[in-house]
**Student:** 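I have a structure here, written as structure tokens, and I will follow up with some questions on it.
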Amino acid sequence: MYNDKVMDHFFNPRNVGEVENPDGVGQVGNPICGDMMRITLKIKDNRIEDIKFRTFGCGAAIATSSMVTELVKGLTLEEALEVSNKHVAEALGGLPPQKLHCSNLAADAVRAAIKDYYEKQGIGTDIEIDEDHHHDRGHEEEENIAHNE
Amino acid sequence: MYNDKVMDHFFNPRNVGEVENPDGVGQVGNPICGDMMRITLKIKDNRIEDIKFRTFGCGAAIATSSMVTELVKGLTLEEALEVSNKHVAEALGGLPPQKLHCSNLAADAVRAAIKDYYEKQGIGTDIEIDEDHHHDRGHEEEENIAHNE
Amino acid sequence: MSSQPNARRQVYLDHSATTPVRPEVLAAMLPYFAGKFGNASSVHSWGYEAREAINDAREKVASLIEAAPNEILFTSGGTESDNLAIRGVARARKSKGNHLITSQIEHHAVLHTFEALQKEGFDVTFVPCDKYGLIDPDGVRKAIRKDTILISVMHGQNEVGTIEPVKEIGAIAREHGVLFHTDAVQSVGKVPINVNDMNIDLLTLSSHKIYGPKGVGALYVKRGVRLTPQLTGGAHERRMRAGTENVPGIVGFGEACRLAKAELPEESRRLTKLRDKLIEGILRQIPDVILNGHPVLRLPHNVNVSIKYLEGESILLNLDRMGVAASSGSACTSGSLEPSHVLLAMGLTHETAHGSLRFALGMSNTEEDIDYVLEVLPPIVEKLRAMSPIGPGSGL
Amino acid sequence: MSSQPNARRQVYLDHSATTPVRPEVLAAMLPYFAGKFGNASSVHSWGYEAREAINDAREKVASLIEAAPNEILFTSGGTESDNLAIRGVARARKSKGNHLITSQIEHHAVLHTFEALQKEGFDVTFVPCDKYGLIDPDGVRKAIRKDTILISVMHGQNEVGTIEPVKEIGAIAREHGVLFHTDAVQSVGKVPINVNDMNIDLLTLSSHKIYGPKGVGALYVKRGVRLTPQLTGGAHERRMRAGTENVPGIVGFGEACRLAKAELPEESRRLTKLRDKLIEGILRQIPDVILNGHPVLRLPHNVNVSIKYLEGESILLNLDRMGVAASSGSACTSGSLEPSHVLLAMGLTHETAHGSLRFALGMSNTEEDIDYVLEVLPPIVEKLRAMSPIGPGSGL
Ligand SMILES: Cc1ncc(COP(=O)(O)O)c(C=O)c1O
Ligand SMILES: Cc1ncc(COP(=O)(O)O)c(C=O)c1O
């Protein structure tokens, strides 16, 4: 189902855990919907110096979390804000169609963490986090995955 | 589909042909319905001295024709009139369910021939021939035979 | 076989009823019964393996008719595909119109499905055919109304072998914005099919007619065409057809399609030659025989003749005893009161229809098989005609 | 398999999804692919041979549930049987009434079929279950109205293994002159079934859950019960289900039923022991785990637990890597937005439902398999919990 790169990030996730004394914390999703992601950041000179994640969710959720931490580590906050869920999926070499709409909120978690950082710093920001991302999971192009026993 | 006895009568039919100068001729069914049977009789001392058949029809039609000639040969006309299609089917060890309602008109042909004989002799008779036998072919208890390619 | 004491040869000439699974196909299927037996919906290696096998088969089936893999739905057979196409479109487009068009010579899987829809309140036009079993595209055009939503006309006629002008009918359907379904169960693998060139929106295939296993079929559904699913349950087959996929069956069907495509041109030529030899032989050797179906626009494997003054089943039983398998449109073999609706629609009398015989050739048949049939059939006919109360042989 | 680099063992524990075809079954099927390949409707030796094979299989299937052979219809699987039973009765009895009863915990093949009928205008009552997944017969009784025509409640629940009181529900249905269907796909061969004792009018079976081939199933229809056919076409299966019969599949299904009947008592005892060992082991070794389904009224092969603070798919992927196949009721494995409707109906929170795991035991499983699972599962859970932002392991 998943490609080798996704499986690698799932089985050997990078940057798991919590940054000590984080400068920003982002949490998106919730266990009711089946996936929830928590990002903690250390910021230095407007750059992401350290980043860790914790995720409750499926293979795609964990792999995208791991990947996003690799993608944004070392970037300036402006650069990091440009990273989208789509970029994460592409960096993983693609996700199964039915996973494109769900379990793919890693970039949102990073944005939420940066937003948190800005707010703590008293910096005004217009970052928007799509809290509703679960409700538009489409099924049009889905593969045939089902629980049919 | 058919049992061995039916197959024997079908492949080695007894009394095929036409009696010469018949005393009675009976013809039932018609080619439109898929089976037609013609019985010719020689009568002597109120007994069936000789009997022959010609049949257009399926395996059951030919086998029942053959069997009925064996059953009634030598019988008095009264005895022969007692022979029913059901007797013929039983004497053959049974017919497939879907053939019980059709292609089983041999006894009717014999009755028709005897009726013809009586009429030629000027003897009054109340023999009735069910000319309509094709219309009540039932399907309730049918086996699953179909032309499905 | 025990009931064939006098057979000097086994000649199976009923390939339109069903075909044997060819060895390559069985070999492709075997790993999927016990080793790779997973459910394609499962989230583990056994499941992925099954899913991949199905995807692979889907490509092969699609390729045979020049479709895209995601335009192929797997079903349990030709009958289910016909039902899904017709009921599925009728129900999905009910709000657009209430009129359906088909022909009088469709397979029962199509015909009885339209009759069932008729009882549900749909208006159905059954267009007639000519004496060769050919449907006139212009007749279809004239039947189209403002509220027509579906036309279904088969490709290769299963009894008499006539090849219908589906490309023309498809063009007419498209011109009028009507969906077009064709039952290609008998023509697939015998005649080249390109669903795009031929203007086809839905097309029925069956595995067991092309040396694949029984219990599998497919429906081609052109991208964008909406159907109401007829089997509801799990989210299989793009939510269009629920039910755990028959993985070995699907794999076998895929392999059968791949082989059919590779061998089509040559095998068609070979069958056509055998077919014509058999037709000519029968017409030459047996008096009072007529050829049913079109003399030229004809499936390469179909021979259909009426042997006058005889009933079909009695000939079949005699042929079987000699080792020859064939079929007939006689009422006695149809499970109904009437002989073949196809032969009657072509204008045959009941009597002539009862005497019809179909020989459907296939992969295993050789010239020697044809010679053998031409040797055993005439004496059978002679013997039965001598027993018949009708015709010149009866002397009546 | 390539994606299982660390597996020291292959342990298939997804027998409720599908089972391998057992060797005796495959051996019984093999002659029917190429040698005895006839169409059972054909009038020749190849056809008779196929017809006899089907009759023989029908007796074996009937015998497993103590029915008469002519009460068994062959279909393409459990899904089709469910659809045929429910749609077939609803349409046949429409004039008698418009109300149908089922439960909230049926398989999708039943549930979605009732939902489709609801859209067609039928009134459907979905009776709830208790926290063990048990349906209360009295709840069913209370749902019955004057216009109720069908009750469908499953026998063995496929996800959580609860065995429903079908005999009692059947008695209530009979008392009220309502037909009773039960989906016994998961219980057949695992638990003794006698359709007469249990007051069952229609019962669904599926071959591939009992070591028979995929793509075959059956519907028991009590003598006298009328159905509207859902697949129309040829006059197969007493005119109740058209489509060329899948002869090898049917033969395999028959053999699987014969073997299941012979082995049932001993195999059930054996599986129950393994099941209880696995349940106890998991509950003992892993904290924050709950058992789903009934502790006693439970299919002998079903284990279902919720591993709190985790999502099911992530556990499945790890298990698979260790060679273990299982399933989950998580949304991520269901193809829908929601986790298992069964677990939710039992009152589980979404979160707990997402963390459900089902192990379905079967013929090939041994004590060593269970030991292996109990060895590999705890470290997987520990590793994933350490990664989770919720639960005590998260330290948050
Ligand atoms: C033209 C045609 N359509 C449909 C079918 C039905 O297909 P199946 O036998 O796979 O149900 C057949 C054969 O039976 C056929 O010849
Ligand atoms: C309880 C139950 N009913 C119906 C089905 C559907 O049967 P099939 O897979 O044969 O379509 C299944 C399994 O998928 C099942 O577990």
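Given the structure is predicted, the values throughout are model-derived calculations rather than measurements. Every chain is numbered from 1 and lettered A, B, ... according to where its sequence line falls, protein lines coming before strand lines.
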**Student:** Could you give the distance from CZ (A:Arg38) to CD1 (D:Ile390), rounded to the nearest 0.5 Å?
**Tutor:**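 Interatomic distance, A:Arg38 CZ to D:Ile390 CD1, rounded to 0.5 Å: 12.5 Å.
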
**Student:** Would you say the side chain of A:Phe11 lies within less than 4.5 Å of the side chain of D:Lys383, judging by non-hydrogen atoms?
**Tutor:**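 They are in contact (side-chain heavy atoms under 4.5 Å apart), so the answer is yes.
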
**Student:** Which of the residues D:Leu384, D:Leu317, D:Thr352, D:Thr79 is involved in the greatest number of heavy-atom pairs with chain A at under 4.5 angstrom?
**Tutor:**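 Counting heavy-atom pairs under 4.5 Å, the top option is D:Leu317.
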
**Student:** Counting only heavy atoms not in A:Lys120, do more than 12 sit closer than 6.0 Å to its NZ atom?
**Tutor:**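 For A:Lys120, atom NZ is crowded (more than 12 foreign heavy atoms under 6.0 Å).
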
**Student:** Quick check against the 3.5 Å criterion: does D:Glu351 have a side-chain atom that pairs as donor or acceptor with the backbone of A:Ile32?
**Tutor:**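 Between the backbone of A:Ile32 and the side chain of D:Glu351 there is no qualifying donor-acceptor contact (under 3.5 Å).
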
**Student:** With a sphere of 6.0 Å drawn around CD of D:Glu382, does it hold more than 12 non-hydrogen atoms of other residues, nucleotides or ligands?
**Tutor:**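 Open: at most 12 neighbouring heavy atoms sit under 6.0 Å from CD of D:Glu382.
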
**Student:** Look up atom SG in A:Cys33 and atom NE2 in D:His354, then write down how far apart they are to the nearest 0.5 Å.
**Tutor:**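 Those atoms lie 7.0 Å apart.
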
**Student:** Please determine whether the number of non-hydrogen atoms from other residues, nucleotides or ligands lying under 6.0 Å from atom CD of A:Glu20 exceeds 12.
**Tutor:**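 Counting neighbours around CD of A:Glu20, 12 or fewer heavy atoms of other residues, nucleotides or ligands fall under 6.0 Å, so no.
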
**Student:** Going by heavy atoms in the side chains, are D:Glu311 and A:Asp35 under 4.5 Å from each other?
**Tutor:**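 D:Glu311 vs A:Asp35: side chains apart.
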
**Student:** Which heavy atom in A:Phe56 sits nearest to a heavy atom in D:Tyr309, and how many Å separate them?
**Tutor:**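 Taking A:Phe56 first and D:Tyr309 second, the nearest heavy atoms are CD1-O, 3.1 Å.
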
**Student:** Which atom pair, heavy atoms only, marks the closest approach of A:Thr55 to D:Pro389?
**Tutor:**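 So the minimum-distance heavy-atom pair works out to C-CD, 3.3 Å.
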
**Student:** Just how far is it from atom CG of D:Asn318 to atom CZ of A:Phe10, taken to the nearest 0.5 Å?
**Tutor:**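 Separation between the atoms: 4.5 Å.
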
**Student:** Checking A:Arg54 side chain against D:Ala386 main chain: does a donor-acceptor pair fall under 3.5 Å?
**Tutor:**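 Yes; judged by distance alone, with no hydrogens or angles, the pair exists.
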
**Student:** Answer yes or no: are there more than 12 heavy-atom neighbours, outside A:Asn12 itself, under 6.0 Å from its atom CG?
**Tutor:**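 Correct, the count exceeds 12.
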
**Student:** Counting only non-hydrogen atoms closer than 4.5 Å, does D:Leu310 touch chain A with its backbone (N, CA, C, O), its side chain (CB onward), both, or neither?
**Tutor:**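 Interface part for D:Leu310: backbone (N, CA, C, O).
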
**Student:** Supply the atom-to-atom distance D:Met387 CE to A:Lys52 NZ, rounded to the nearest 0.5 angstrom.
**Tutor:**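 The NZ atom of A:Lys52 is 13.0 Å from CE of D:Met387, to the nearest 0.5 Å.
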
**Student:** So which atom in A:Gly57 and which in D:Ser314 form the shortest heavy-atom distance, rounded to 0.1 Å?
**Tutor:**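 Closest pair (atom of A:Gly57, atom of D:Ser314, distance): O-CB, 3.4 Å.
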
